[in-house]
Each structure stands twice: as C-alpha cells, then as structure tokens.
Asker: 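Just dropping this structure here.
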2 protein chains.
Amino acid sequence: MLGLLSFRDGRTGYDLKKWADASLRFFYWSPAISQIYAELRRLEELGLVTSRRSGPEEPRAKRRYTITADGRDALAAWAEGTHDCGPPVLKHPLVLRVWLGHLAVPGTLRTLVERHRDRTRAALRDVREALAGVGAAPEGDFPRVALGWSERQHLAELELAEAMLADLERLRCGPPDGNRRALDGRAGAGPPAPRRQHPQDAPTHG
Amino acid sequence: MLGLLSFRDGRTGYDLKKWADASLRFFYWSPAISQIYAELRRLEELGLVTSRRSGPEEPRAKRRYTITADGRDALAAWAEGTHDCGPPVLKHPLVLRVWLGHLAVPGTLRTLVERHRDRTRAALRDVREALAGVGAAPEGDFPRVALGWSERQHLAELELAEAMLADLERLRCGPPDGNRRALDGRAGAGPPAPRRQHPQDAPTHG
DNA sequence: TTGCCCATGTAATTTGTTACATGATTTA
DNA sequence: TAAATCATGTAACAAATTACATGGGCAA
C-alpha cells in the first residue's frame, strides 16, 4: 500500500485495489479489498498515511489516502539497503495436478494444460495493456522494468506449457525404451516432439 | 499430504516434510512441519488416513500414516475431472523491489538481482538432484514431468534475471533517447546488452 | 427501474507461521 | 560427550480470504 501511494497520492482504497489488480498482481499479489481497507486504517493508526474524507465538492463520499513523511521514511527503510528480499514463492496448481497425474483420467491433463496456456495468453495481454498504460515518462521507469519482466515471464510460462504438453504426449504414446511400436494402433501419431534434449547446460559457475 | 501418501504409504510427518522440501516445494509449496502434523491429525479425524505407532520393533517411536480407501477416493475426486485448477500464484519480492526502484540507492538493485540469480542457480541444482532421485521407474513418470517443468522454469528464471539486469543497466547509463553520450565518463562500458528486442511475438491465436 | 460499478466496511473463518517444549538416537 | 538429526507436538499469533451488509450514482 505504501508503495502504491509513493507513486501517487490521494487514492481511495477502491482505487488501490484496481491498481493492484492491474499491475502489482502480475509479479506479486493483489490483496482482497477488505484487507486493503483494514490495512489503510492500520497504517493511519501508525501515522504512516493520513486520510481525508471528500467533502461535498465530490459527488460521491470517499476517503483519500496520502503517505506521510514518516510513511516515506518507513518505506525507504524497507526498500533501501541490500538486505535479502527472500526467494520468490510459486504455487502452481496445474503442475501439482500433473505431479499427481497417476490419479487422472488419461485425457484430462492435456485439457488442463491447454486451458492454462490459454489463460496465460490472456494474462499476457493484460500485462501488455498495463505496460502500455505506464507510458514513457521517467517516473514509470522501474514499473516498466517490472512489467517488462512480467511480460517475459508470461512468455516463458507459455513455452513451459508447450514443453510439458510434449512431455505428456511422449509419456502417453511411448515411454523411454525407444523400442516399442504400435502401442495402441496409432503410435508415433502425436506431434513430432520438438527436438529438445534434456538441457544439460546449467550456468553453474557460481 | 494425501498426494504424497498416495505415492508411498507408511510415512511419518517428519518424512513427509523432508519429501515436500525436496520436491513439492519447487512448483508448489512446503508447509511448516507443525502444520503437517496438525493436518495429518485432521485427516485422520476425517477418516482419510490412518496411523499406527511403531512398536518396539523400531528403535524410535514414530507414527506412520497410511491413506485409506476413503482418502484415495477423496483425492481422486479432487484430481480427476477437468474442473479448473486455478491460476498459478507468484509472489516475487525481488521484482517488487525493482518496481519500487525509485526508492533504492542506485547500485542496490543490481546486487539484489545478482543474488537472486545465484540463489536460482542453487535451486536449479536442487531440482536436478530431486530429478535424479526420482529414477526411471514408471511410477515416477508424472513427478518426473513436474520436476522437468521445474527445471525449465528455473532456467527461465535465470534468463529473466539476466534480461532484467540488462534493462536496469540500460536505465542507468542511457534512457531511451539514444542521443546521450559519455553520461558519466564510462558510457557504453556495461555488458553489451545481449541483443534482445522487446518481444512482439505473442502466440495469441487463442 | 433494473442492474452495474463505485465505495466502505464488519465478522467469521481459514490458513499458515514462529516460537517454544520435549526427548530419543546417532554421529563426530 | 556434545552437536546434529529424528520425531512430535502445543500455543500464540499473523495474514488473508470469504461472506455479508450497506448505500449512492449512473447508464441501458
């Protein structure tokens, strides 16, 4: 919340939710609206933000929040320095399902991965929209880098989905032994498995 | 927990924790040990697992858990069918820091990204270790696909880190205008920005 | 005038973590 | 014999969600 407000003051909780949905959520997370309101109240209690109710000049009653000097200090204290920011956390339900593939009806996983791929394509469009919304102004420099990262991340996610699809296909129609034919009358029918050895190329110099 | 037990019965809570740390965590999540114990008790209450204390035949007193028929049914009900499994959730603190780059002391982000890259390399080694541990047996087929996905995912993460490093460098020594030189006496000194246009290539046929 | 978006909140619940407590067995 | 690992738990707390409740403004 402080981060969002550090870009632009005078937002309402509702505004912050929409903003988080449109950009933060791609590389971090967008809290529930109820949590945003709760958190803003908490931050105000801590003196890190202030709020003012809109008067009758606005058609709609709302509460706009502004970050205080203390708030900027607190945010800067968190954002500066090289203290470790911790590993990324990934929860990928689809891969979990694949991991448990032995429990699934054969055709299922393919459907699920394809659905994931389509969803990722949609998300990619959203990222690009967000990226377009940032514009070229210098204050958008870092958000642009973050969203650029997200764009590439989603492209990578698409490739990962395709690769997994290929893996599953390989599993279905011909396990590793390389010596079985006509397993079910249509062996070798699948897409010709885009030549992709197991990558042995780790930049492991570390 | 049910998923883990569906591969191999007779594990202790402690076993499950180690196992989750070694494989589940790469694409999903590894719960705290205290939560594992709590969850196992809950599952037993629901009749989805049973447990037996080890008798004096074992040197150490432990409680081993086994999935019941009901448990298998419940797991299968969850794992079969094509109901949506939901989008992946990513919380990437590093990208969040970058997004707030305007608050950071100039050199900082570079250090953080490099640290992330090193950490990812280490994680990649762990994934490969896990992959080696699965072996070639057919019951490891799906875990192998999931871990293979994780391996590629970590490789992608490395590339994303490098690309972001390049973006940040570009930001530091010469914003888009393309007409500024000798900005700080070492313009153009950085790594020569591995030719990488903004990818316009979205497989967007969806 | 109906339904959607704006706007703010409360309450209950779920989910998960950390810190603490305990003790046995193995290994250096 | 000290430290690490195995093994299980309790209690307090933190984080976050869902469901519910309310009401004004705007557009079809």
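Basis for what follows: all heavy atoms, side chains included, without hydrogens, waters or symmetry-related copies. Residue numbering restarts at 1 for every chain, and letters A, B, ... go by the order of the sequence lines.
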Asker: For A/Trp29 and B/Arg60, take the nucleotide of DNA chain D holding the closest heavy atom to each; which residue's nucleotide lies nearer the 5' end?
Answerer: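 Result: B/Arg60.
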Asker: Under 6.0 Å from the ring centre and within 45 degrees of the ring axis: does the NZ or CZ of A/Arg25 meet both conditions for the six-membered ring of A/Trp19?
Answerer: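 No, A/Arg25 does not sit over the ring of A/Trp19.
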Asker: Counting distance only, does the side-chain N/O of B/Asp15 pair as donor-acceptor with the main-chain N or O of B/Thr12 below 3.5 Å?
Answerer: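 Side chain of B/Asp15 to backbone of B/Thr12, a donor-acceptor pair under 3.5 Å: yes, one is there.
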Asker: Would you say the ring centers of B/Trp99 and A/Phe7 fall short of 6.0 Å from each other?
Answerer: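 Yes - the distance between ring centres of B/Trp99 and A/Phe7 falls below the 6.0 Å cut-off.
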Asker: Is any NZ, NE, NH1 or NH2 atom of the basic residue among B/Asp118 and B/Arg115 found under 4.0 Å from an Asp or Glu carboxylate oxygen of the other?
Answerer: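 Judged by the 4.0 Å cut-off on N to carboxylate O distance, B/Asp118 and B/Arg115 do not form a salt bridge.
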Asker: Counting only non-hydrogen atoms, which of residues 31-41 of chain B are less than 4.0 Å from DNA chain D?
Answerer: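 Correct list: B/Ile33, B/Ser34, B/Tyr37, B/Arg41.
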Asker: Please report the C-alpha distance between B/Gln153 and A/Leu90 in whole Å, then the side-chain angles of each, then the deciding distance to 0.1 Å, and finally whether the side chain to side chain contact (heavy atoms under 4.5 Å, CB included) criterion is met.
Answerer: CA-CA 11 Å; B/Gln153 196 264 324; A/Leu90 175 64; 4.1 Å; yes
Asker: Going 5' to 3' on DNA chain C, which nucleotide is the first and which the last to come under 4.0 Å of a heavy atom in chain B?
Answerer: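 Listing 5' to 3', DNA chain C meets chain B from C/dG16 to C/dT25.
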Asker: Let me know the distance between NZ of A/Lys17 and C1' of D/dT18, rounded to the nearest Å.
Answerer: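 In whole Å, D/dT18 C1' lies 13 Å from A/Lys17 NZ.
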Asker: Below 4.0 angstrom, N of the basic side chain to O of the carboxylate: do A/Arg42 and A/Glu39 qualify?
Answerer: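 Judged by the 4.0 Å cut-off on N to carboxylate O distance, A/Arg42 and A/Glu39 do form a salt bridge.
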Asker: When the distance from NZ of A/Lys62 to P of D/dG24 is rounded to whole Å, what number comes out?
Answerer: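 After rounding, the gap between these two atoms is 16 Å.
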Asker: Would you sort out whether B/Arg144 and B/Glu139 count as a salt bridge (charged side-chain N to carboxylate O under 4.0 Å, His left out), showing the intermediate values?
Answerer: CA-CA 9 Å; B/Arg144 201 155 43 240; B/Glu139 72 266 23; over 6 Å; no
Asker: I'd like to know if the side chain of B/Ser6 pairs up with that of A/His102 as donor and acceptor (distance under 3.5 Å, no hydrogens or angles considered).
Answerer: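 Yes.
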Asker: Over how many whole Å does the gap from A/Arg53 atom CZ to D/dG24 atom C1' extend?
Answerer: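 From A/Arg53 CZ to D/dG24 C1': 13 Å.
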